[in-house]
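The block underneath contains the structure these notes are about, expressed in structure tokens.
What you are looking at is a predicted structure, and each value in this text was computed from that prediction instead of being measured. For the numbers below, each heavy atom of this structure counts, side chains included, while hydrogens, waters and symmetry mates do not.
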Amino acid sequence: MNRAPQRNFFIYRTEYGPVSIGAYKDNICRMVLGNQLLEGEKRPSAVTNKCANQLMEYFSGKRTVFDVPILLEGSDFQLKVWNRILQIPYAQTCTATDVAQLIGHPKASSAVGSAIRQNPLVILVPAHRVVTTSGRIEANDKNAQLRRAFLELERRYA
């Protein structure tokens, strides 16, 4: 019996550059900005195509919520952080300190920041909505520039 691998990924072109989308069975388990090889066979699947289509709708202002099935893989703490970030409404922001308090770890804002940087599902888990206490995304690397662009996009279409 010839079985297809359970993990696959594909790289999609977007107006913000390439996005690599990985799946495990029928769930999106990884999405990163850039042209990156992910675990599994490089081939599109129904769920990676659906995710890419929803991403295009998001970029054009036609989508504010994603409904592709996701699989978050991480520590219990990371899962708490990522699941809380999923609850931040479109075009709204909060701080890492807010997230730490909301998950019951009020002194863990640094650990929250670390979990945010390890977010396996960029955009789907909207870490770009977590800002500094000054209300900004402070870093100046390419990912920070894209996070600012996504937040600006959301505010434009809100």
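When hydrophobic clusters are built by joining Ile, Leu, Val, Met, Phe, Trp and Tyr residues whose side-chain heavy atoms come closer than 4.5 Å, directly or via intermediates, Y157 is grouped together with L146. Cluster annotation: F10 and I123 are assigned to the same hydrophobic cluster (Ile/Leu/Val/Met/Phe/Trp/Tyr, side-chain heavy-atom contacts under 4.5 Å, transitive). Under the 4.5 Å side-chain heavy-atom criterion for Ile, Leu, Val, Met, Phe, Trp and Tyr, I103 and I85 are members of the same hydrophobic cluster. No chain of hydrophobic side-chain contacts below 4.5 Å, direct or via other Ile, Leu, Val, Met, Phe, Trp or Tyr residues, connects L102 to L79. Residues Y16 and V125 fall within the same hydrophobic cluster, defined by Ile, Leu, Val, Met, Phe, Trp and Tyr side chains chained together at heavy-atom separations under 4.5 Å.
For the salt bridge (charged side-chain N to carboxylate O under 4.0 Å, His left out) condition, the pairs that include at least one residue of residues 106-133, sequence neighbours left out, are R129-E154. Pairs engaging residues 70-81 under the salt bridge (charged side-chain N to carboxylate O under 4.0 Å, His left out) rule: R7-E73 [sequence neighbours left out]. Applying the ring-ring contact (aromatic ring centres under 6.0 Å, His included) test to every pair with at least one member in residues 63-90, sequence neighbours left out, gives these pairs: Y58-F66, F77-H105. Sequence neighbours left out, the pairs with a member in residues 109-142 that pass ring-ring contact (aromatic ring centres under 6.0 Å, His included) are H128-F150.
In this structure, Q101 CD and D98 CG are separated by 6.0 Å, a value rounded to the nearest 0.5 Å. Taken from CG in L33 to CE in M31, the straight-line distance is 7.5 Å, to the nearest 0.5 Å. Here the CD atom belonging to Q78 is positioned 11.5 Å from the CG atom belonging to N83, to the nearest 0.5 angstrom. Between atom CE of residue M56 and atom CZ of residue R13 there is a gap of 10.5 Å, rounded to the nearest 0.5 Å. Here L86 contributes atom CG and L121 contributes atom CG; the two are 8.5 Å apart, rounded to the nearest 0.5 Å. Atom CD1 in I28 sits 10.5 Å away from atom CG in L55 (nearest 0.5 Å).
Of the possible donor and acceptor atoms, none in the side chain of R84 sits under 3.5 Å from a partner among the backbone N and O of A100. Listed for the N8 side chain is a donor-acceptor partner under 3.5 Å among the backbone atoms of R43.
Under the salt bridge (charged side-chain N to carboxylate O under 4.0 Å, His left out) criterion, E152 pairs with no residue at all, not counting sequence neighbours. Legend: residues meeting side chain to side chain donor-acceptor pair (under 3.5 Å) with S114, ordered by chain and number and at least two apart, are Q118. Here N119 pairs with nothing under the side chain to side chain donor-acceptor pair (under 3.5 Å) rule; sequence neighbours left out. Scored by the salt bridge (charged side-chain N to carboxylate O under 4.0 Å, His left out) test, R30 finds no partners at all (sequence neighbours excluded). A search for side chain to side chain donor-acceptor pair (under 3.5 Å) contacts involving S20 returns nothing, not counting sequence neighbours. Every residue meeting the side chain to side chain donor-acceptor pair (under 3.5 Å) condition with E57, not counting sequence neighbours, appears here in chain and number order: R63.
Annotation: side chain of L124 is in contact with side chain of C51 (closest heavy-atom distance under 4.5 Å).
Across A127 and I116, no two heavy atoms sit closer than the pair CB-CG2, 3.6 Å. The minimum heavy-atom distance between V130 and I88, with the atom names listed, is CG2-CD1, 3.9 Å. Closest approach of C29 and A23 over heavy atoms only: SG-C, 3.7 Å.
With hydrogens and angles left out, the side-chain atoms of Q145 and R148 include no donor and acceptor closer than 3.5 Å. Between T48 and Y12, the side chains place a donor N or O and an acceptor N or O closer than 3.5 Å (distance only, hydrogens not considered).
Other residues sharing a hydrophobic cluster with L38 under the 4.5 Å side-chain heavy-atom criterion for ILVMFWY residues are F9, I11, V32, L37. Summarising the hydrophobic clusters (Ile, Leu, Val, Met, Phe, Trp, Tyr; side-chain heavy atoms under 4.5 Å, direct or chained), the residues clustered with Y24 are L71.
Heavy atoms from other residues, nucleotides or ligands lying under 6.0 Å from CG of D26 number 12 at most.
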Practice problem: Begin from the C-alpha positions of R147 and V122 and carry the test side-chain contact (heavy atoms from CB on, under 4.5 Å) through to its verdict. | Solution: CA-CA 9 Å; R147 289 176 59 211; V122 66; 5.9 Å; no
